[in-house]
Structure formats: C-alpha cells, structure tokens
Amino acid sequence: MDLRSIADLLAEQSASGRAYLEFLRSDALSVGLYVLRVGDIDRQQPHGEDEIYVVMSGRSRFTAGDETRDVVPGDTIFVAAGVPHRFHDITDDMQLIVVFAPPET
C-alpha cells in the first residue's frame, strides 16, 4: 500500500516549483497532483495516454476537443489519448488528481 495525505502532496508539489507532481507509478498507470492557480495558463499538450482528472478543489472551464464545460470540486473528467485539452478561466485555485493509463511518458 502507498498512502499519501493531500497536505503532504501539496507541500511536496510546492517545494518542487512545478505545477505537476507525479507521486505514484506502476506498470499500468501513473498518478499525480496538478495545481493551477487563478491566472495560470495551462500549457499542456495532448498526451499519448488516456487521462482522468478528479477535481479536488477550485473552479474553471475545461476544453477537450471542441467541447467546453465548467468544472467544480467533485467532477471527474476523462480525456482520451491524443485529444487536445486544457483548463482555462480559472476562478478559484485548482487541485487536481491526475491518472494516466498507461503511465505518462
């Protein structure tokens, strides 16, 4: 078992100086914490892996392909491999758990 508190993950992510912190990796998947602040620009590019976001906190708009929706805490978002996507119009700082399958390369 690997148990991590959100407080510990946030401290580690903040200390890294990066928006994304991978904290678990296996042969089948990888999991990370992605933090976006009000005013940040989400510069991610399409991934070669399927991806799931779980919105832990914050609010924004999210665009995947040609579809845009508001996202709020508790939402779960699936994005298929290769689909362009990004968070934008962030109105409250966001904390997202991100799952890639297979692991992000």
Which distance, rounded to the nearest 0.5 Å, do you find between the [atom1] of [X] and the [atom2] of [Y]?
| X | Y | atom1 | atom2 | answer |
| --- | --- | --- | --- | --- |
| T76 | I97 | OG1 | CD1 | 11.0 Å |
| S57 | I6 | OG | CD1 | 7.5 Å |
| L33 | Q13 | CG | CD | 5.5 Å |

Derivation and outcome, side chain to side chain contact (heavy atoms under 4.5 Å, CB included), residues F100 and H47: CA-CA 9 Å; F100 289 100; H47 309 287; 3.6 Å; yes
Are [Y] and [X] co-members of a hydrophobic cluster defined by side-chain heavy atoms under 4.5 Å apart?
| X | Y | result |
| --- | --- | --- |
| L10 | V31 | yes |
| V71 | I52 | no |
| L29 | F78 | yes |
| L24 | V54 | yes |
| F62 | Y20 | yes |

Using a cut-off of 6.0 Å, state whether more than 12 heavy atoms not belonging to [X] lie near its atom [atom1].
| X | atom1 | result |
| --- | --- | --- |
| R4 | CZ | yes |
| D66 | CG | no |
| R18 | CZ | no |

Check: R37 and I90 side chains under 4.5 Å, non-hydrogen atoms: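 When only atoms from C-beta onward are counted, R37 and I90 do not touch, as no gap falls below 4.5 Å.
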pair D93-D40: side-chain heavy atoms closer than 4.5 Å: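 D93 vs D40: side chains apart.
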Quick one: side chains of residues 79-89, donor-acceptor pairs under 3.5 Å with protein atoms, not counting sequence neighbours, listed by atom name and distance.
{"residue": "H85", "atom": "ND1", "partner": "V83", "partner atom": "O", "Å": "2.8"}
{"residue": "H85", "atom": "NE2", "partner": "Q44", "partner atom": "OE1", "Å": "3.1"}
{"residue": "H85", "atom": "NE2", "partner": "E51", "partner atom": "OE1", "Å": "2.9"}
{"residue": "H85", "atom": "NE2", "partner": "Y53", "partner atom": "OH", "Å": "3.1"}
{"residue": "H88", "atom": "NE2", "partner": "T63", "partner atom": "OG1", "Å": "2.7"}

Polar side-chain atom of R25 near backbone of E104 as donor-acceptor pair, under 3.5 Å: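 At least one qualifying donor-acceptor pair exists.
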S26 versus P103, closest heavy-atom pair with distance: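 In terms of heavy atoms, the two residues are closest at O-CG, 3.0 Å.
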Closest non-hydrogen atom pair between G58 and P73, with its separation: O-CD, 3.1 Å
D70/R59 under side chain to side chain contact (heavy atoms under 4.5 Å, CB included): CA gap, chis, key distance, verdict: CA-CA 7 Å; D70 293 328; R59 295 175 185 276; over 6 Å; no
